[in-house]
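Below, each value reflects all heavy atoms present in this structure, side chains not excepted, and no hydrogens, waters or symmetry copies.
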Amino acid sequence: MTKLALRSLRHRTGGFAATFLALFLGATIVMACGGLMETGIRDNAPPQRLAGADLVITGDRTYEGPGKKNKQLALPEQAGLPAALTDKVRAVPGVRTAVGERTFDAAVLGTGRGGDRGGDRAVGHGWDSAALTPYALDTGAPPRTGEVVLDAGLARRAGATVGDTVRIAAYGGSAAYRVSGIARPAAGRDVPRPTLFLSAPDAQRHSPRADTVADIAVITAPGADRGAVRKDIAAALDGQSVSLLTGDDRGGVEHPEVITGGEDLVALSGVFGGLAISIAVFVVAGTVGLSARQRRRELALLRAVGTTTGQLRRMLLGETLMVAALAAAASWPAGPALGRWLFEQLAGGGMVADTTEFSQGWIPAMPAYGGLLLTAVVGGLLGTRPAVRARPVEALGEAVVQERWCHPVRLVLGLLFLAGATALALVGALVLRGPSAAGTAGPTVMCCATGFALLGPWFTKIVTAPLHWPVRLLGGPAGRLAALNCRAATVRTAAVATPIMLATAITTGMLYLQTSAADATEQAFAENLRADAVLTSVTGGVRPALLDTVRRLPGVDGAAASVTSSAWTERPHFDGEAKRGLRLEGISPDGAARTLAVRATAGSLADLKGATVALPEHVAHRTHRGVGDTLRLRLGDGTPADLRVVALFKGREGFESALTDVATLAPHTTRGLPDRILVRAAAGTDREHLLSALTTLTQRHPELRATDRDALTAQHAEDTRTQTWANLLIIGMLVAYTALAVVNTTAVAVGNRRKDFALQRLTGATRGQVLRMMTVEATFVTVVGLLLGTVAAATTLVPFALAVTDGWLPTGPPAVYLTTAGTAWALTLAATLIPTWAALRARPVQAAGV
């Protein structure tokens, strides 16, 4: 059998090339997803600024979740460490020095008061931590109070030199500083973020909390045992919620965004890697099955001379495994290359921190090769089974007998997959609410598509029945013959329509899922906002003291400071909360009613002062809390808080936020300040006049930026679509793979019909008539695949639409479906007509004898 398999590879390169391409691309995609998963698991961000520290102490950013499924959660906010711990660490034997680092967002607004207001973003630090960084003074002197050291890039862009005055924005305000020096990183050291240094008192004044430091960097004494020093430090800080980091883990302190980005990358790669394996099984099974049907007479002859079905199955499976071995060798370099490219695209789109280090070793190759082997074996067994089990007398006959495809196992599996798709659809429509309903999208589509593929000939008959007569009437003689061919050979029609169905289901299902989720998020944001304008800062935080100033401006009816974060409800209130927790928005109590479209159904938003919270009604129901009850929350920085429920309100389930006092929430965020000030125009004041009044304020406070409601909504929409861009990228890759399946399967299926074309030619048909017949057939099969794919996509889209909107139709441009249908038809037509034209070039008498 092995020798026969090797000889088959030599003489049937066309069919095996299609199988090789399917296996190679499948293994490459899975290996690339494995690389993304390894990168997310390792979550390495090599230290740059803190490379000179032997050990970095930072606040613990993990939290034991309230539910059984949420054991380790990443806290979204940085809490900082008590500054007094620095002296305690410095006193540990073996510690040469310990520096309490102060880190804050800053921006260089330009030289002089009337300089460039563009806002060159930077990260600010105290000068006492400069010795740990790769920076060294190039010119000038260390900063004193009221002075700043700029890195060379910042100084160049601001046009500043030593002795000049620049305006620095930090901690919600701005002030003029004299440039005391210019610093440059050491040769060969890459520091991606612009940096500036202030004196220790100035850095303390601009830090979110004056009594805390962001981290403590430790340098051990020469000859000290670093392991022993680490143990001693841990003992000295016993009882403190801290993490002691060494090696590349130190980079997570510099770039805290890698903590949540790694989790997103693991989830993304896991979902799409599983989809890639599922699609590969479809592709390989279809390609191998059609190749085996092309050899029906050859296999029947082997059966007739005494070969058993087991021997034939081993031969065909051996052929597939040999091709799989070649595909595995080719995918070894291609997988990491694709993974790195995908990572770069995700980092460029903001899905992953660009400081994260891409990692791909030999471990991702193992699941990729395991998936490759599984795909080759399962696809080979499924695809070759009809040809192997065909009766020799039938297969050797001149007329091709319709295959017996229905087997009890296949029937049961097909019904089970369809039942699973129905159950998942019901869960998405009736149980899950809001964006979480998208969690069942991929499994639902694949279950429905698998059920359709297993029971393909039945569903093909159901779909072709109403299409049969219109095609015969409109297509002329070519249409009648094409309709009869498709109706008589339902197994072949189903085999060609399956990849079209799969491509349609994935494309329309996943793309419209993304557009529907984005539209629902944008609509919920716009419905909840009553403000006509918003004030933000170039450094991301605004001072609460500005609120009274804004309210006194002409044309202002109300204003409220706002900040957003996340929290988790503590036990025993709720044990099934989402991993991201409860979205929490801090708002000024006396401005909430004027700037937010929230109406209390119980209690009053006017009581939202201090340690209080207003809950959406469904959250109150889940946590069994009402007005007057106390809800224990774990805030974003890990601080527990007991908040009294003062109001309940209705909201779009899955998109709303719980409300609390901004003065309560802001200190527990990384910046320690409100994110923005929402402004409502007075009656009779249009937005232009309101913006004009706010612009006057920004002239006195150049760190502020004023935008209207439309700009705020547009920015939120852009942020939402940036988050979905990563999904669209990998969906596009999978769609391209399924498009290959369409071309592969169609081309192989047409190649099997060379003898049919020759017989038609011998009975008087011209080449043009055969080509017209195949054109109608290609269109017919495309319509069948599109209809089945649309039904498969609807099992996801309709439940999701019911979960997030008031209707049952998804939202999104019709061009998505039209492009999908047009592309499927064009690919099927090209994959049909090109092999048909090539087959018609041979003489009919010669082709009929093949």
Side-chain angles (χ1 to χ4, degrees), residues 268 271-272 274-275 278-279 282 417-453 459 463 497-524 652-655 717 720-721 723-735 738-739 782-824:
L268 185 73
V271 169
F272 288 108
L275 279 176
S278 303
I279 294 171
F282 277 99
F417 274 108
L418 291 178
T422 303
L424 289 172
L426 291 176
V427 169
L430 303 178
V431 179
L432 301 178
R433 307 303 299 171
S436 61
T440 60
T444 305
V445 168
M446 293 310 301
C447 279
C448 189
T450 304
F452 282 168
F459 288 105
V463 175
T498 294
I500 301 175
M501 175 269 296
L502 187 61
T504 305
I506 291 177
T507 304
T508 57
M510 295 301 182
L511 291 182
Y512 277 124
L513 190 73
Q514 300 297 322
T515 57
S516 298
D519 289 344
T521 303
E522 295 166 17
Q523 184 177 358
R652 183 180 295 226
E653 191 170 349
F655 295 95
T720 301
R721 297 188 184 278
Q723 296 173 5
T724 63
W725 180 87
N727 293 338
L728 297 179
L729 174 67
I730 301 185
I731 289 171
M733 184 176 65
L734 295 180
V735 168
T738 53
T782 302
V783 172
V784 172
L786 287 173
L787 290 176
L788 292 176
T790 302
V791 173
T795 59
T796 287
L797 296 178
V798 172
F800 183 77
L802 292 173
V804 300
T805 66
D806 297 330
W808 57 276
L809 288 177
T811 58
V816 172
Y817 189 84
L818 296 177
T819 302
T820 300
T823 303

>> Checking V791 now: which residues fulfil side chain to side chain contact (heavy atoms under 4.5 Å, CB included) with it, not counting sequence neighbours?
In response: F452
> What is the minimum heavy-atom distance between A792 and C448, and which atoms define it?
Replying inline: CA-SG, 3.6 Å
>> Is there a side chain to side chain contact (heavy atoms under 4.5 Å, CB included) between L418 and F459? Walk through the geometry before answering.
In response: CA-CA 12 Å; L418 291 178; F459 288 105; 3.7 Å; yes
>> So, using side chain to side chain contact (heavy atoms under 4.5 Å, CB included) as the criterion, who are the partners of T422 when residues are at least two apart?
In response: L426
> Minimum heavy-atom separation for C447 to L424, with atom names?
Replying inline: SG-CD1, 4.3 Å
>> If I compare all heavy atoms of T515 with all of G812, which pair ends up nearest, and what's the gap?
In response: OG1-CA, 3.8 Å
>> So, using side-chain hydrogen bond (donor to acceptor under 3.5 Å, both in side chains) as the criterion, who are the partners of S516 when residues are at least two apart?
In response: none
> Nearest heavy-atom pair of L502 and A449: which atoms, and what distance?
Replying inline: CD1-CB, 3.9 Å
>> Looking at F417, I'd like to know if its CZ atom is crowded, meaning that more than 12 non-hydrogen atoms belonging to other residues, nucleotides or ligands lie closer than 6.0 Å.
In response: no
> What pair of heavy atoms forms the shortest contact from A425 to P799, and how long is it?
Replying inline: O-CB, 3.3 Å
> Excluding sequence neighbours, so at least two apart, what forms side chain to side chain contact (heavy atoms under 4.5 Å, CB included) with T782?
Replying inline: I500, L786, A824, W825, T828
>> Listing request: all side chain to side chain donor-acceptor pair (under 3.5 Å) pairs with a residue in residues 504-513, at least two apart in sequence or in separate chains.
In response: none
